[in-house]
K.L.:
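Here it is, the structure, as structure tokens.
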Amino acid sequence: MKSSIGVVFSLAISIRAAAIVSFPNPPGYTTRTYNAHAPSSAAKSTDQYSNDALVSLWSRVGPIAPPKNTAVASPTPEPSSLSAFPQPDPAFHPLVASHETGLKDVKLPQNFAWGVASSAYQIEGAAKEDGKGPSIWDMLSHQVPGFVADNSTGDVLAEHYYLFKQDIARLKALGFKAFSPSISWPRIFPFGNGPVNAPGVAHYDAVITALVDVGISPAVTLFHWDTPLALFHEYGGWSNEKIVDDFVHYAKFIITRYDKYVPIWFTINEPQYCNWQYAGYPAEILNPKTGKKGEKGGIKARFACGHYTLLAHARVAKWYHEEFKGQGRITFKNSGNYYEPASTAAADLRSAQRNYDFSIGWFSGPWTDGDYPESLKSTLDDVLPKYTEEEKRIIKGSCDFYAIDAYTSYTAFGSSNDEACMKDPKNGAFPECAGSRQAGNDGFPMGPAGDTGVDWMKTTPGGIRRYLRKLKEMWPSIPDIVVTEFGFAEPFENLMKTKGEILWDLRRADYYQGFLDNILASIHYDKVNVTGAWGWAIFDNFEWNAGLSTRFGLQYVNYTDLTRTPKASMFQFLNWFQ
Ligand code: BGC
């Protein structure tokens, strides 16, 4: 384990000087070349991993829109530097000024790791190409009416799958030294387990090569919500312990192949996602044969999912350090927000704590004794699976640093009903039994709202400074913290009629300025060891249930011709680091 991200980053860059990129073939894996468009005419095979089995799996999802590109495009000529990009002219309109004038001469620590992030399903498109298996998101977006607000799917999107070389060339020209993408598990293992799909591996070989070639250091997430559909149908995906072995098997393949070039690994994106994904999936997705409508996985699926994600992470991390002797750092990305207690009254303080316990505390085992917080155990009782002593030992210490995706803040308030709620699983507020709102005590909103598709978000840059201090206070053993995602969906961006309007995304620009200033204040004034910050997202992408019309990009994507253009917020972000 390295003591700081920066050390590992410079290591990756110096490896690059060798300029020969080669990938080991992890032993013990069988490889095949799948093609989901090619049913065979031969007699039915009994092989559960046959190409026909893949074709049949896709038939459950239904027709997929074909890609616009059919081959990887070469990088188009890009300006060679940031200053050559068309950008806001300060003579007409300056970018957003810093609110933190006291930090004018304060510098970031050397080797602070920063860049932009995204995830495979949200940007790649090419959903059924080159032998990829379906993920649950292919199924949900196609087969569950209303699951995605604007009925968009991940079929085509920005087609980063074919345009990655151009995207990487532009990152380089803009001055980025790092990028945080995710790898699609069902591209590598179309069935989640079984044979490796050769074209899927070739794709990520090419992506890593392109990054290494231009000196951009990858920070790679292994799983960003695209659970292979086959595993969901076979045993309920993350709600079943079988997924731990399958995930470890997949993770070992990827890490063994790319570790030489990847200084930072995120095993799992936001295990807290079990809250809304596993609890909310309609049952017909869990069991396609029953055809029953409207049932959800519910609270059991939610906490089973959390249980197995943390265990899967810990098993990979243990293997990474102890057996594989990896060169980089490994952790998982938490999802969490700051909660300011409404007052010092006991009920409000308890509410703030419970809001933490049921979001980040749920996955705090790596920083404690490997177990769940007491409040979860006492409230959930048998609903919460139990870790064995051996599992707790593996979980404890399994993160090399703390990664937090933190977008916004809340006020936490308690009520006299909370205690009764904690004993009543039928109560709508169970199991948190802790109130929160995005307004101060006088009801005035905590900050300007984001777009209508993200009703959970107000821009509250001051919250991140308080949150970082709070994290360190809650778990003093954290060596350093990286803000692995933060970003903003500009209101009504999708309704704007001209590109000119879209590019002037001042509220997002203000969000980035304020957020970064507060991270710097946290390092400088509060002495919190923050070692990195990643803006979300590289460009507009598929915003899950909110679909394509909610945009988080620092670059605008024109979904007709697939061009990308940096928005004002991109220059705000880059200027801040310069
Ligand atoms: C997720 C992203 C998502 C972003 C904005 C994060 O929690 O990791 O996939 O797009 O939030 O909602």
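Ligands are counted one by one from 1 in listed order, and the atoms in each one are counted from 1 as well. Values in this document were obtained by computation on a predicted structure and should not be read as measured data.
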K.L.:
Any side chain to side chain donor-acceptor pair (under 3.5 Å) involving residues 181-192? Give me the pairs, sequence neighbours left out, ordered by first then second residue.
P.N.:
Glu124-Arg187
K.L.:
Provide, to 0.1 Å, the distance between atom 4 (C) of ligand 1 and the closest protein heavy atom, together with that atom's residue and name.
P.N.:
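So the nearest neighbour among protein heavy atoms is Tyr407 OH, 3.3 Å.
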K.L.:
Return yes or no for this condition: an N or O of Glu543 is under 3.5 Å from an N or O of ligand 1.
P.N.:
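Yes.
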K.L.:
Mind checking whether Tyr273 contacts ligand 1 via backbone (N, CA, C, O), side chain (CB onward), both or neither, at a 4.0 Å heavy-atom cut-off?
P.N.:
neither
K.L.:
Please say whether the positively charged group of Arg437, taken as NZ for Lys or CZ for Arg, lies over the ring of Phe413, i.e. under 6.0 angstrom from the six-membered ring centre and within 45 degrees of the axis.
P.N.:
yes
K.L.:
Numbering the atoms of ligand 1 from 1, which are under 4.0 Å from a heavy atom of Asn269?
P.N.:
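Here the atoms of ligand 1 in question are 8 (O).
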K.L.:
So for ligand 1, is Trp536 a polar contact partner (N or O within less than 3.5 Å, distance only)?
P.N.:
yes
K.L.:
Is Glu485 close to ligand 1, meaning an N/O of one under 3.5 Å from an N/O of the other?
P.N.:
yes
K.L.:
Any nitrogen or oxygen of Ser119 lying under 3.5 Å from a nitrogen or oxygen in ligand 1? Just yes or no.
P.N.:
no
K.L.:
Please find out if less than 6.0 Å separates the ring center of Phe488 from that of Phe515.
P.N.:
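That pair fails the under 6.0 Å test.
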K.L.:
At under 4.0 Å between heavy atoms, is it the side chain or the backbone of Val454 that contacts ligand 1, or both, or neither?
P.N.:
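Within the 4.0 Å criterion, Val454 makes no contact with ligand 1.
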K.L.:
Trp456 near ligand 1, heavy-atom distance under 4.0 Å?
P.N.:
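Yes, Trp456 has a heavy atom closer than 4.0 Å to ligand 1.
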K.L.:
Relative to each other, are the rings of Tyr121 and Trp137 parallel, tilted or perpendicular (30° and 60° limits)?
P.N.:
tilted
K.L.:
Begin from the C-alpha positions of Asp167 and Arg564 and carry the test salt bridge (charged side-chain N to carboxylate O under 4.0 Å, His left out) through to its verdict.
P.N.:
CA-CA 9 Å; Asp167 290 331; Arg564 290 84 151 121; 2.8 Å; yes
K.L.:
In the structure I gave you, are the side-chain heavy atoms of Leu222 and Ile268 within less than 4.5 Å of one another anywhere?
P.N.:
no
K.L.:
Does some side-chain heavy atom of Trp265 sit less than 4.5 Å from a side-chain heavy atom of Tyr320?
P.N.:
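Yes - at least one pair of side-chain heavy atoms lies under 4.5 Å apart.
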K.L.:
Are His224 and ligand 1 in contact, using a heavy-atom cut-off of under 4.0 Å?
P.N.:
yes
K.L.:
Taking the non-hydrogen atoms of Trp544, is any one of them nearer than 4.0 angstrom to ligand 1?
P.N.:
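Yes, that is the case, since the closest heavy atom of the residue is under 4.0 Å from the ligand.
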